[in-house]
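Below is one structure, written out as structure tokens, with a few remarks after it.
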Amino acid sequence: MSFPLLTATAALPAIGAVATAAVPAARRTTAKWLALLFSLATLVLAGIALARFEPGGDRYQLTESHAWIKDFGVRYELGVDGIGVALMALTALLIPFVILAGWHDADPLETKSSRWRPTQGFFALILMVEAMVILSFEATDVFLFYILFEAMLIPMYFLIGGFGDRAHSGSDENAAAQRSYAAVKFLLYNLVGGLIMLAAVIGLYVVAGTFSLSEIAEARANGSLSMATSTERWLFLGFFFAFAVKAPLWPLHTWLPNAMGEATSPVAVLITAVVDKVGTFAMLRFCLQLFPEASKWATPVIIVLALISIVYGALLAVGQRDIKRLIAYASISHFGFIILGIFAMTSQGQSGATLYMVNHGISTAALMLVAGFLITRRGSRLIADYGGVQKVAPILAGTFLIGGLATLSLPGLAPFVSEFLVLVGAFSAYPAAGIVATTGIVLAALYVLVLYQRTMTGPVKAEVQGMADLKVRELAVVLPLIALLLFLGVYPKPLTEIVNPAVQHTMSDVQKKDPQPEVEAAK
């Protein structure tokens with residue numbers, strides 16, 4: 001039997017979570033280093049999986065399959081295509097930076113009015129989220145994926161509600177109430193989506209007699225599986241609703257600004273750069289693959305919703321006074337681009353959407369983590385409380401600028417390639433949608449540059465006069481992310497070679513071909 005690499009990649013952070021939680025309360029530093037070491041070991045395994053993946057090989061590779069719940073036809077089936085392995089690697093890459101950035105976020109507070117914050121629990125929960133997210137990118141059994149899709153809500157709930165941002169303008173009681181509200185809203189929205197998906201999962205089993213993606217695909221190919229049009233559409237809507245909540249897509253997005261605003265900056269990165277990617281990934285793996293005709297049927301409405309997300313999220317980002325909520329609304333706009341690329345049903349659009357998932361994760365992590373370092377120094381999330389930071393902390397200001405420029409997709413930085421491909425795919429299939437989507441680019445330039453101007457330039461405010469620049473630990477978090485943004489911005493080929501074959505499989509599932517350009521004959 002070959003080594004179960006995919007299981008090991010997901011199991012290692014789960015083991016690390018248990019080991020970290022078991023460290024005695026007085027040895028907080030030991031718990032931090034243990035969590036970091038497990039995350040780095042997971043990154044090594046994810047790197048091995050990425051290296052062993054053959055872009056021109058089978059659709060699903062490194063596969064594992066074992067009987068699990070025989071009476072219900074549930075199997076423990078794993079496998080990764082190019083999209084899954086890329087997102088698995090992204091998750092494993094970001095978690096060490098999340099842990100390093102949150103090194104002191106769960107340390108006990110000295111004020112008597114504040115409750116003790118269990119450091120070990122904070123890092124154990126992060127590792128548990130990593131394990132579930134990685135396994136969700138690997139799962140090829142629909143029921144197994146559903147369990148992971150729901151189970152990851154539990155550690156995220158405690159990370160949001162129990163370890164909130166300390167830079168809160170109100171009292172400790174008010175801060176706790178805001179955290180609790182954000183955590184409950186996050187949980188309820190996603191639970192409702194998950195319950196609707198559960199009904200669709202059961203319906204799929206009734207129709208197909210299996211939860212296995214490979215068996216369903218084989219049954220479709222040999223003609224032994226057929227769904228009534230109405231049945232396929234209802235099942236599609238059940239799956240898509242849950243994924244649209246997780247993504248999030250307008251109008252199911254309102255939990256995200258609350259969750260990101262009240263969570264610590266590393267947890268905010270965990271939400272939008274890691275967990276939310278499960279929603280858009282699942283649209284490609286499950287919606288398009290399981291329900292191709294229903295996906296095409298719903299495409300016009302979904303594209304309209306994606307365009308609303310792009311423009312609406314960007315407009316609200318322009319008007320924000322809170323740094324973290326601004327980044328949250330910017331992410332809603334970016335997820336609109338990802339969903340637009342997926343449902344444009346072109347190879348350029350879907351390749352761009354997949355690249356966007358990876359590059360958005362890196363760019364948002366860079367911007368949010370630097371913003372977190374800034375907020376920790378000043379003790380405020382309000383943009384108006386800053387000014388002239390670049391004169392006292394030039395490295396912090398410079399890295400903040402690069403993260404912001406990546407967010408607005410400046411050419412030469414990784415998100416530009418993604419956004420360009422999404423727009424090319426949208427223009428070729430739906431020119432009007434492409435035109436509307438470009439307004440998001442203009443608005444992105446506005447909210448990013450205005451944010452930088454108001455926080456980093458101008459006279460130095462008295463409250464930031466003695467602000468320290470980035471320290472070694474913080475530089476170790478930010479600089480590798482910036483290096484990746486630059487590398488993938490000028491040389492995205494290593495990533496495109498991995499994801500493009502998977503995109504072609506998806507295009508084949510929905511039986512779509514790229515529109516041919518219209519060329520007028522020469523007179």
Side-chain angles (χ1 to χ4, degrees), residues 87 129 132-133 135-137 139 141-161 181-205 211 231-260 262-263 267-268 270-291 294-295 297-299 301-306 308-309 312-313 328-329 331-332 334-336 338-340 342-343 353 357:
L87 293 175
V129 172
M132 293 179 181
V133 171
L135 201 56
S136 70
F137 291 139
D141 182 277
V142 178
F143 192 81
L144 173 61
F145 173 83
Y146 170 76
I147 291 175
L148 297 164
F149 187 82
E150 291 290 87
M152 68 179 68
L153 302 178
I154 299 172
M156 286 305 308
Y157 169 80
F158 288 109
L159 283 170
I160 297 169
Y181 172 78
V184 170
K185 189 173 183 179
F186 162 82
L187 187 63
L188 288 179
Y189 267 64
N190 284 275
L191 277 179
V192 169
L195 288 174
I196 293 174
M197 180 183 169
L198 176 59
V201 169
I202 295 171
L204 177 66
Y205 181 73
F211 293 112
T231 301
E232 181 174 343
R233 290 178 179 179
W234 280 112
L235 294 178
F236 167 85
L237 291 174
F239 277 78
F240 181 79
F241 183 85
F243 303 153
V245 172
K246 184 86 79 178
L249 178 68
W250 184 91
L252 306 171
H253 68 284
T254 58
W255 63 267
L256 183 64
N258 296 101
M260 288 184 65
E262 297 304 323
V267 173
L270 200 61
I271 295 170
T272 190
V274 177
V275 172
D276 287 356
K277 297 299 186 299
V278 177
T280 47
F281 162 79
M283 291 178 189
L284 281 165
R285 171 164 284 190
F286 297 102
C287 286
L288 271 61
Q289 185 174 344
L290 293 174
F291 316 110
S295 297
W297 162 76
T299 288
V301 174
I302 295 172
I303 286 179
V304 170
L305 295 178
I308 294 174
S309 288
Y312 176 82
Y329 280 110
S331 290
I332 292 170
H334 295 149
F335 276 105
I338 294 171
I339 296 170
L340 174 64
I342 291 172
F343 284 90
M357 291 186 228

Problem set entry | Between CZ on residue Phe335 and OG1 on residue Thr280, distance to nearest 0.5 Å | 5.5 Å
Seminar exercise, completed: Applied to residues 278-289, the salt bridge (charged side-chain N to carboxylate O under 4.0 Å, His left out) test, sequence neighbours excluded, yields Asp81-Arg285
For this session: Taking all non-hydrogen atoms of both residues into account, name the closest pair between Leu148 and Ala139 and its distance.
Result: CD1-CB, 4.4 Å
For this session: Could you pull out the closest heavy-atom pair between Leu249 and Ser309, with the gap in Å?
Result: CD1-OG, 3.4 Å
Exercise. So which pairs with a foot in residues 188-200 pass side-chain hydrogen bond (donor to acceptor under 3.5 Å, both in side chains), sequence neighbours left out?
Worked result: Tyr189-Thr254
For this session: Find out whether Ile160 and Asn258 are in side-chain contact, i.e. whether some heavy atom of one side chain is under 4.5 Å from a heavy atom of the other.
Result: no
For this session: Mind checking the NZ-CG spacing from Lys277 to Leu87? Nearest 0.5 Å is all I need.
Result: 8.5 Å
Exercise. Less than 6.0 Å separating the ring centroids of His253 and Tyr312?
Worked result: yes
Seminar exercise, completed: Between Ala268 and Ala263 the two heavy atoms that sit nearest each other are N-CB, 4.1 Å
Exercise. Hey, mind stepping through Met197 and Phe145 against side-chain contact (heavy atoms from CB on, under 4.5 Å) and telling me if it holds?
Worked result: CA-CA 11 Å; Met197 180 183 169; Phe145 173 83; 3.8 Å; yes
Problem set entry | Ser295 side-chain N/O to Cys287 backbone N/O, donor-acceptor pair under 3.5 Å | yes
For this session: Could you tell me the separation between the CD1 atom of Ile339 and the CD1 atom of Ile302, rounded to the nearest 0.5 Å?
Result: 8.5 Å
For this session: Return the minimal non-hydrogen interatomic distance between Trp255 and Pro248, and the atom names on each side.
Result: NE1-CB, 3.9 Å
For this session: Kindly say whether Phe149 contributes a backbone atom to a donor-acceptor pair with the side chain of Lys246 at under 3.5 angstrom?
Result: yes
Exercise. Which residues pass the side-chain contact (heavy atoms from CB on, under 4.5 Å) test with Leu188, sequence neighbours left out?
Worked result: Val184
Exercise. Of all residues at least two apart in sequence or in a different chain, which pass the side-chain hydrogen bond (donor to acceptor under 3.5 Å, both in side chains) check with Ser331?
Worked result: Thr272, His360
Exercise. Mind checking what makes side-chain contact (heavy atoms from CB on, under 4.5 Å) contact with Leu191, not counting sequence neighbours?
Worked result: Glu150, Leu153, Leu187
Problem set entry | Point-to-point distance, once rounded to the nearest 0.5 Å, from OH of Tyr146 to CG of Leu204 | 14.0 Å
Exercise. side-chain contact (heavy atoms from CB on, under 4.5 Å) with Ile147: which residues, sequence neighbours excluded?
Worked result: Trp68, Phe143
Seminar exercise, completed: CH2 (Trp250) and CD1 (Ile308) are apart, to the nearest 0.5 Å, by 4.0 Å
For this session: Step by step, work out the side-chain contact (heavy atoms from CB on, under 4.5 Å) result for Met152 and Val278.
Result: CA-CA 10 Å; Met152 68 179 68; Val278 177; 4.1 Å; yes
Pairs under 3.5 angstrom only: tabulate donor-acceptor contacts from the side chains of residues 232-244 to other protein residues two or more places apart or in another chain.
{"residue": "Glu232", "atom": "OE2", "partner": "Glu293", "partner atom": "N", "Å": "3.0"}
{"residue": "Glu232", "atom": "OE2", "partner": "Ala294", "partner atom": "N", "Å": "3.1"}

For this session: Using side-chain contact (heavy atoms from CB on, under 4.5 Å) as the criterion, list what pairs up with Tyr205, not counting sequence neighbours.
Result: Phe211
Exercise. Do you know the tightest heavy-atom contact between Thr299 and Phe343?
Worked result: CG2-O, 3.2 Å
Problem set entry | Least distance between heavy atoms, Met156 atom then Leu270 atom | SD-CD2, 3.8 Å
Exercise. So, Phe137 versus Phe281, ring centres under 6.0 angstrom or not?
Worked result: yes
